[in-house]
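Protein chains get the first letters and strands the later ones, always in sequence-line order, with residue 1 at the start of each. Computed over heavy atoms, backbone and side chain alike; hydrogens, waters and symmetry mates excluded. Remember, it's a predicted structure, so these values are computed and weren't measured experimentally.
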2 protein chains.
Amino acid sequence: MKQVTIYDIAKEAKVSAATVSRVLNNTAPVKESTRSKIMQIIHKYQFQPNALARSLLKKETGTIGVIMPDITNPFFPEVFSGIDRAASEMGYTFFLCDTLGDTRKESQYLHMLREKQVDGILFLGGRINLSKCDPELAEEVVETASRIPTVLINGNLPGTSLHRVILNEAKGAELATQFLIDAGHRSIAFIAGNEEMTTTAQKVRAFRRVMKKNGLETAKENVLYGDYSMASGESSMEKILARRERPTAVFCVNDLTAVGALKAAMKAGVSVPDEVSIVGFDDIPLASAIYPELTTVSQRMDLLGGTGVQVLHKMILKEKVRMLTVIEPELIVRNSTRSLR
Amino acid sequence: MKQVTIYDIAKEAKVSAATVSRVLNNTAPVKESTRSKIMQIIHKYQFQPNALARSLLKKETGTIGVIMPDITNPFFPEVFSGIDRAASEMGYTFFLCDTLGDTRKESQYLHMLREKQVDGILFLGGRINLSKCDPELAEEVVETASRIPTVLINGNLPGTSLHRVILNEAKGAELATQFLIDAGHRSIAFIAGNEEMTTTAQKVRAFRRVMKKNGLETAKENVLYGDYSMASGESSMEKILARRERPTAVFCVNDLTAVGALKAAMKAGVSVPDEVSIVGFDDIPLASAIYPELTTVSQRMDLLGGTGVQVLHKMILKEKVRMLTVIEPELIVRNSTRSLR
DNA sequence: ACCACTTAAGCAAACGTCTGCAGACTAGAG
DNA sequence: CTCTAGTCTGCAGACGTTTGCTTAAGTGGT
């Protein structure tokens, strides 16, 4: 019950192993008669070459590692799907590493990926920000990146220069805000995320900028901070609804938060979009699964993943590639918003 | 910029490669002084052994392949999460293979996994049924399973004997039906899936059985077939709502369908749960993300994945293990149902 | 001083594939 | 019939580990 090797094939075909290898890889001309004889034997034994041996020799595995914080967060399967589509065309396969937000596991995975000689690493930052990760891990990431092509997707590691592909979140915030203003809303609240995270900060700034450009004030209490979760959206919305004067529209830092806000509104018997409009961010599947369907800023998550792979691929091929790639967002209008005009 | 090998370490430490290997794996006693010297050099070069070479020799890779139809379907990340948790404890890593429902890719992946010498394969059937897959693929799966430990999660391949772990769907349907009846509902509709699929058939049978046991009729029009999608739930519910006499409760074959049904009800201005109760199946995250939160049968998807890994692990270790493992469901009562009493 | 025994370390083969080099054969031209 | 230019095939070494077998060195008992 031993494994069939290229030698066994060779012996039975009365040729050398080299020849078998050559028909396997089409790497040199071989006489038609011997080729077909070999092929036949290969079929007979259902022979498949051992990729480990090949990789050991060629120093490439056709494998890339994908590290992400939580596959259960609907954001990531979407990104992964984009990665998969792009990369399977190029013949790569993945190690999927889910860190569950645990830094220790992150470093373990990094180790493992290096041992397994992956051709490249894709690091999904996503909603959890790398910027405040502990310096030791950061060091490790940089170290690894210096040996193995690495790209950061939607993350950042300040003070280092790693290849990145990110979303233009500021632009997305602008689109959403301007859309609401154009629809006649004057009083708009923003349920944001963690105040210290760059992506949130960017969005807040963009939000304020657009408001001002349209001659509108942004009251202090109209920017609420949270933690990107549904629960945070729910409680923020409750606070908003408790006010004497409610805003007519609420813009949320991501869809999960928006769904939480929506839930709070429904619970309180406040109609969406009749009494309050809600806009989300990301366009996760959930956004169109609920009623009313969420107006949201599409992050083009699959594109994000696909682009990440392309960048990585070029790096593996040692082609020149830009350090920073930016994906532009798009506004998707559905039924959670209405025009006041 | 060549790779540092065990030989380089050995040379610098003035020992043989064998010794270095032994300190790396703790596989034989080595004098403390040399050990620490070697360790120091390893650190200095950040040396990591090449897993390919090791695997080639030892004939084990610590890697398992996971094949699933669609990572974007919220069912699968949950299962995967369970897989990951269980397997990373045992030191495995995964190739994640998303077939996108394409049979050709499935067979490609199977090939690839064999080439890469995975220690085992996890085949997620899930909502898409393997039973009606084309015989050629089936043949291939069986062929592969005869060489590499393979377990089918939530799938079946009739006429073959593969290790499986599945959910007791019939039991789940019973739980849900009985719950509704206990709550005083007499007229209950069931929005099912594909009539030809065994899982649906089982559920329908269980549903009918429980109804009868409680002295209730199941009108023919109260079992509607669909395709598990949200859209199918929506349209089925529309049909139901258009009737003169509406059932007071609707049980759905899965959560996606239930969400669709819920959406249809809301669109039509029919209150859930006041005018109609809805029960789902699976307990995907979406189920508790919407308002009202869905009463549903939990499939314990993480447990499903985790158990799959355990079974596979035992097979890899050549331990005896039951061919069939069944996971018992659990009813989760939330707010999409109400008691009529 | 010798022997038996334990502990440390080295040698070399093996895992399964690819490939540079060289040799053998074929065929066509002179 | 010889020479040349291909065309096809084999040899052997390399990739980076692990491990069974052997040898060398040290320990203590008689």
Can you find a side chain N or O atom of B:Lys59 that sits less than 4.0 Å from OP1 or OP2 on C:dG16?
-> yes
D:dT9 OP1/OP2 closer than 4.0 Å to side-chain N/O of A:Thr34 | yes
Figure out the [atom1]/[atom2] separation between [X] and [N], and round it to whole Å.
{"X": "B:Leu24", "N": "D:dT19", "atom1": "CG", "atom2": "P", "value": "12 Å"}
{"X": "A:Asn26", "N": "C:dC18", "atom1": "CG", "atom2": "C1'", "value": "15 Å"}
{"X": "A:Tyr7", "N": "D:dA12", "atom1": "OH", "atom2": "P", "value": "10 Å"}
{"X": "B:Arg35", "N": "C:dT7", "atom1": "CZ", "atom2": "C1'", "value": "14 Å"}
{"X": "A:Lys58", "N": "C:dT19", "atom1": "NZ", "atom2": "P", "value": "5 Å"}
{"X": "A:Lys31", "N": "C:dA24", "atom1": "NZ", "atom2": "P", "value": "16 Å"}
{"X": "B:Ile38", "N": "D:dT17", "atom1": "CD1", "atom2": "P", "value": "14 Å"}
{"X": "A:Ile42", "N": "C:dT17", "atom1": "CD1", "atom2": "P", "value": "10 Å"}

5′-ward residue of the pair A:Leu52/A:Ala18 relative to DNA chain C = A:Leu52
Does A:Lys37 pair with A:Glu32 as a salt bridge, N-O distance under 4.0 Å?
-> no
Within a radius of less than 6.0 Å around [atom1] of [X], do more than 12 heavy atoms belonging to other residues, nucleotides or ligands occur?
{"X": "B:Arg54", "atom1": "CZ", "answer": "yes"}
{"X": "A:Lys314", "atom1": "NZ", "answer": "no"}
{"X": "A:Glu89", "atom1": "CD", "answer": "no"}

Check: B:Asp119 side chain, B:Thr61 main-chain N or O, donor-acceptor pair, under 3.5 Å = yes
Any donor-acceptor pair under 3.5 Å from A:Ser55 side chain to A:Glu60 backbone = yes
Return the angle between end axes of the helix from C:dA1-D:dT30 to C:dG30-D:dC1, with five pairs used per end and rounding to 10°.
-> 60°
Scan A:Thr19 against the nucleic acid and name what it touches under 4.0 Å (heavy atoms): base, sugar-phosphate only, or nothing.
-> sugar-phosphate
Would you indicate which nucleotide in [options] comes nearest to any side-chain atom of [X]?
{"X": "B:Leu57", "options": "D:dT18, D:dC11, C:dG10", "result": "D:dT18"}
{"X": "A:Arg54", "options": "C:dG16, C:dA9, C:dC18", "result": "C:dC18"}
{"X": "A:Asn25", "options": "D:dT18, C:dC18, D:dC8", "result": "C:dC18"}
{"X": "B:Thr5", "options": "D:dG16, C:dT17, C:dC18", "result": "D:dG16"}

Using a cutoff of under 3.5 Å, can you pull out all pairs of nitrogen or oxygen atoms linking the protein to nucleotides 21-27 of chain D, with atom names and distances?
none

Polar side chain donor-acceptor pair, A:Lys116 to A:Thr63, under 3.5 angstrom | no
Donor + acceptor pair across side chains of A:Asn50, B:Arg114 (<3.5 Å) = no
Beyond-backbone contact of B:Phe47 with B:Leu24, side-chain heavy atoms, under 4.5 angstrom | yes
So do the side chains of B:Leu113 and B:Ile121 get within less than 4.5 Å of each other, counting heavy atoms only?
-> yes
